[in-house]
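Taking it in order: structure first as structure tokens, then the write-up.
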Amino acid sequence: MRLSMIPLATLRDDPADAEVPSHRLLARAGYIQKIAAGIYVYSPLMWRTLRKVSNIVREELEREGANEILMPILQPKEIWEQSGRWARYLAEGLMFHMVDKRGSELCLGPTHEEVVTTYIKRIVKSYKQLPVNVYQIQDKFRDEIRPRFGLMRGREFVMKDAYSFDIDEAGLDASYLAMDRAYRRIFERCGLAFRAVEADSGAIGGSGSQEFMVLAETGEDAILYCEESGYAANVEKATSIISPTPDGGEAKPLEKHATPGVKTVDQLVAFFKMDAARMAKTVIYNATYADRVEAVAVMMRGDLEINEVKLCGILDALAVGLADEATILRVTGAEVGFAGPVGLDADCRLLADLTLEGATNLLTGCCESGYHCLNVNLGRDCRMPTFHDLRLARAGERSPDDRGALVETRGIEVGHIFKLGTKYSKAMDATFIAENGKPEPFVMGCYGIGVSRTAAAAVEQNHDESGIVWPRPIAPFEVVVALLDAKRQDQVDLAEAIYGELRAAGVDVCFDDRKMSPGAKFKDLDLLGFPVRVVVGRRADEGIVEYSIRKTGDKEDLAREEVMARLRPRAS
RNA sequence: CGGGGCGUGGCGCAGUUUGGCUAGCGCGCUUGCUUCGGGAGCAAGAGGUCGGAGGUUCGAAUCCUCUCGCCCCGACCA
């Protein structure tokens with residue numbers, strides 16, 4: 001490909017709306033152009049990169065026996081009602097939906113569990129046809145609350161989604177592991193530094209899941225990992241070992257103390273001269289369900305934080321958020337800062353973190369403005385809460401296997417694999433005839449990769465002051481032959497000859513024959529980020545060109561044959 | 001959706017507070033001459049009606065109302 005023949009416009013200034021490096025550089029180098037918030041045109045060079053990522057994905061998935069298909073983007077409401085997700089997705093405002101001229105409701109596919117389950121259940125009738133794994137690479141549509149960071153979070157984006165169907169849990173485990181292996185190879189081949197972490201399965205549901213995180217400071221997710229044991233988890237999911245809750249001793253009589261204006265844990269520590277670990281703060285949340293909003297009281301040790309994602313999962317709610325003042329007043333009868341298990345509204349559900357199980361003589365609020373209680377004993381002075389792991393794990397705490405300390409880093413979620421189980425197959429009545437002759441629901445898994453996000457993450461991880469430094473496997477072209485002076489016939493001849501020869505040899509090469517000054521061309525090619533550059537310039541008359549590596553900046557003068565020797569793919 | 005901010009040639013910005021005359025600047029683009037290994041110089045050009053609608057006024061990029069779009073912080077996700 002000749003760069004003079006493709007639409008390509010690089011910018012000298014950073015686009016004003018780009019914050020993170022990948023967005024800034026991809027926009028400046030002309031790889032992407034914004035059409036609307038979270039909606040982009042991929043230029044010819046960007047599309048080449050996306051195709052390379054896609055092809056790596058295809059190769060590795062097919063190696064594990066997955067089959068590529070293409071499902072419709074436009075999906076009917078009916079199948080979403082079968083799975084029970086239509087109302088929920090609409091309520092969350094996540095789905096683009098429309099009404100056709102007959103009045104039928106449709107959506108632009110945000111994901112394809114419904115379609116794939118419908119598809120497979122009509123084909124696979126017997127356990128003899130299992131397991132099966134199908135996938136597609138296609139644009140997905142999500143009306144994100146906040147699209148941002150260019151390709152990182154778009155409203156339309158390229159995604160690979162795969163779905164496995166198995167006879168039983170053991171089969172699912174095997175399918176899941178196969179995808180795990182494929183994913184590791186995919187991200188390795190893309191040249192990315194990544195980590196697989198335990199994840200919350202969130203809205204999609206299911207029993208287990210793992211996220212693949214490309215490590216980057218600008219990542220939207222925080223992850224905790226342990227170098228010694230290899231434990232790694234999204235903070236949303238992470239657990240840890242912490243210092244035990246201090247022994248409160250034998251139960252003592254309840255005492256009520258006036259604590260005017262003392263509302264926060266820090267203030268209580270100062271007021272009572274007491275260790276925060278012997279206090280229990282009580283936080284009122286609003287849990288949103290499909291049909292109602294419910295206030296919930298959550299108790300946590302004073303020195304620890306509540307993990308709202310865990311809370312949401314335990315409550316099986318659509319969302320949880322801190323309650324407003326009116327709700328707090330209603331369930332506690334007190335202003336904000338004095339909530340406690342004592343005196344709590346009888347209809348308000350009461351949960352407590354595991355660290356409080358068996359704790360005695362706690363300091364808590366008592367649902368009365370200006371007062372706190374000492375020597376609170378759960379079950380004696382108030383209802384016995386249900387105990388759950390509700391704690392937010394933090395860096396510095398011990399890994400759950402106790403083999404080392406947790407370290408925090410940030411990551412970009414480029415892949416996510418889920419064990420769905422029978423959630424969708426049961427809801428959608430998708431069954432096969434098992435060996436015993438009886439219908440059984442498929443045991444499903446689903447596996448996503450953000451293809452466009454992966455490309456963006458690669459830039460996030462591979463750039464410098466001058467521009468993009470594409471990992472070779474996903475660069476739009478591995479090699480660029482740059483002609484410096486199109487008026488010098490010796491340069492033109494040599495450049496054309498080398499370009500032609502490299503192409504003939506099957507090298508992934510493009511030819512920068514654009515007419516621009518040498519300085520500008522160098523800057524531009526650095527920005528574009530091709531891994532290898534062959535400059536045909538002033539020593540063309542001697543048959544010498546400059547060969548350089550974008551990543552290291554190493555340059556050397558080579559004869560034409562030496563260039564060929566470096567770049568010609570090894571005969572296989 | 002809550003909070004903050006921004007819409008002026010393709011890109012980056014000034015001008016708006018305190019209305020005023022042909023709306024500026026840099027980059028990019030076109031043509032010519034020179035230049036030619038790290039974003040060249042000179043000269044000549046093309047291109048915007050100031051996001052949109054309505055209003056106030058002798059006069060609006062500038063003031064008012066409504067509206068659309070975009071960005072940042074939060075909840076969501078590949």
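Just so we're clear, the structure is a prediction, and the values are computed from it rather than from any experiment. When reading the values below, keep in mind they use all heavy atoms of this one structure, side chains included, and skip hydrogens, waters and symmetry mates. The chains referred to below are lettered A, B, ... by the order of the sequence lines, with proteins before strands, and numbering in each begins at 1.
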How far, in whole Å, is U17(B) from C64(B) if one measures between their P atoms?
9 Å

When rounded to whole Å, the CG to C1' distance for the pair Asp464(A) and G38(B) reads 14 Å

We want to know whether Gln491(A) and Asp485(A) form a side-chain donor-acceptor pair, criterion being a heavy-atom distance below 3.5 angstrom.
no

Under 4.0 Å between a side-chain N/O of Lys34(A) and OP1 or OP2 of C71(B), yes or no?
yes

Check step by step if ring-ring contact (aromatic ring centres under 6.0 Å, His included) holds for Tyr89(A) and Trp80(A).
CA-CA 9 Å; Tyr89(A) 268 60; Trp80(A) 284 76; 5.2 Å; yes

Taking only the side-chain heavy atoms of Glu413(A) (C-beta and beyond), determine which of A78(B), C71(B), G38(B) contains the nearest atom.
A78(B)

Between atom OG of Ser164(A) and atom OH of Tyr447(A), what is the distance when rounded to the nearest 0.5 Å?
2.5 Å

Select one nucleotide: of G37(B), A78(B), C72(B), the one nearest the side-chain heavy atoms of Phe157(A).
A78(B)

Ile35(A) CD1 - G69(B) C1' separation (whole Å)
14 Å

Can you confirm whether more than 12 heavy atoms, excluding those of Glu408(A), are under 6.0 Å from its CD atom?
yes

Nearest nucleotide by nearest heavy atom, which residue falls closer to the 5' end of RNA chain B, Arg12(A) or Thr454(A)?
Arg12(A)

Length of the line joining Met516(A):CE and G28(B):C1', which is rounded to integer Å:
11 Å

Paired with G2(B) by Watson-Crick or G-U wobble geometry, both distances under 3.5 Å: which nucleotide is it?
C73(B)

I want to check one thing: is the phosphate of A40(B), taken as OP1 and OP2, less than 4.0 Å away from some side-chain N or O of Ser517(A)?
yes

Asp13(A), nearest nucleotide to its side chain (from C77(B), G26(B), C70(B)):
G26(B)

At 4.0 Å (heavy atoms only), tell me whether Arg533(A) reaches a base, stays on the sugar-phosphate, or touches nothing.
base

Side-chain atoms of Phe522(A) come closest, of C77(B), G39(B), G37(B), to G37(B)

Can you label the angle between the Tyr183(A) ring and the Phe187(A) ring as parallel, tilted or perpendicular, going by 30° and 60°?
perpendicular

In whole angstroms, the gap separating P of C36(B) from CG of Asp513(A) amounts to 22 Å

Nearest heavy atom decides the nucleotide; on that basis, is Phe149(A) or Gly154(A) closer to the 5' end of RNA chain B?
Phe149(A)

Hey, does Asp161(A) reach any base, or is it just sugar-phosphate, or nothing, if we go heavy atoms under 4.0 Å?
nothing

Taking all non-hydrogen atoms of both residues into account, name the closest pair between Cys510(A) and Tyr499(A) and its distance.
C-CE1, 3.9 Å

By nearest atom, which of the nucleotides C70(B), C72(B), C76(B) is closest to the Arg146(A) side chain?
C72(B)

Can you figure out which of G12(B), U35(B), A75(B) approaches the side chain of Ile145(A) most closely?
A75(B)

Please round to the nearest 0.5 Å and tell me the distance separating atom OG1 of Thr117(A) and atom CD1 of Ile79(A).
8.5 Å

G9(B) pairs with, by Watson-Crick or G-U criteria that keep both distances under 3.5 Å:
none

Watson-Crick or G-U wobble partner for U30(B), using a 3.5 Å limit on both distances?
A44(B)

Counting the atoms with a prime plus P, OP1 and OP2 as sugar-phosphate, which does Arg153(A) contact under 4.0 Å by heavy atoms, base, sugar-phosphate, or nothing?
base

Both distances below 3.5 Å, Watson-Crick or wobble geometry, any strand: find the nucleotide opposite G59(B).
none

Would you indicate what Asp221(A) reaches in the nucleic acid, counting non-hydrogen atoms under 4.0 angstrom: base, sugar-phosphate, or nothing?
base

Grab the CG-P distance between Asp200(A) and A78(B) for me, whole Å please.
11 Å

Out of C72(B), G39(B), C77(B), whichever nucleotide has its closest atom nearest the side chain of Glu144(A)
C77(B)

Check every atom of G38(B), A78(B), C76(B) against the side chain of Glu220(A) and return the nucleotide holding the closest atom.
C76(B)

Winner on side-chain proximity to Arg148(A), out of G12(B), C72(B), C77(B), is C72(B)

C1'-based separation of U34(B) from G19(B) [nearest Å]:
47 Å

Assign Ala9(A) to base, sugar-phosphate, or nothing according to its heavy-atom contacts below 4.0 angstrom with the strands shown.
nothing

By nearest atom, which of the nucleotides G37(B), C77(B), C11(B) is closest to the Leu11(A) side chain?
C11(B)

Scan Glu308(A) against the nucleic acid and name what it touches under 4.0 Å (heavy atoms): base, sugar-phosphate only, or nothing.
nothing

Rounded distance in Å - CD (Glu92(A)) to P (C77(B))
7 Å

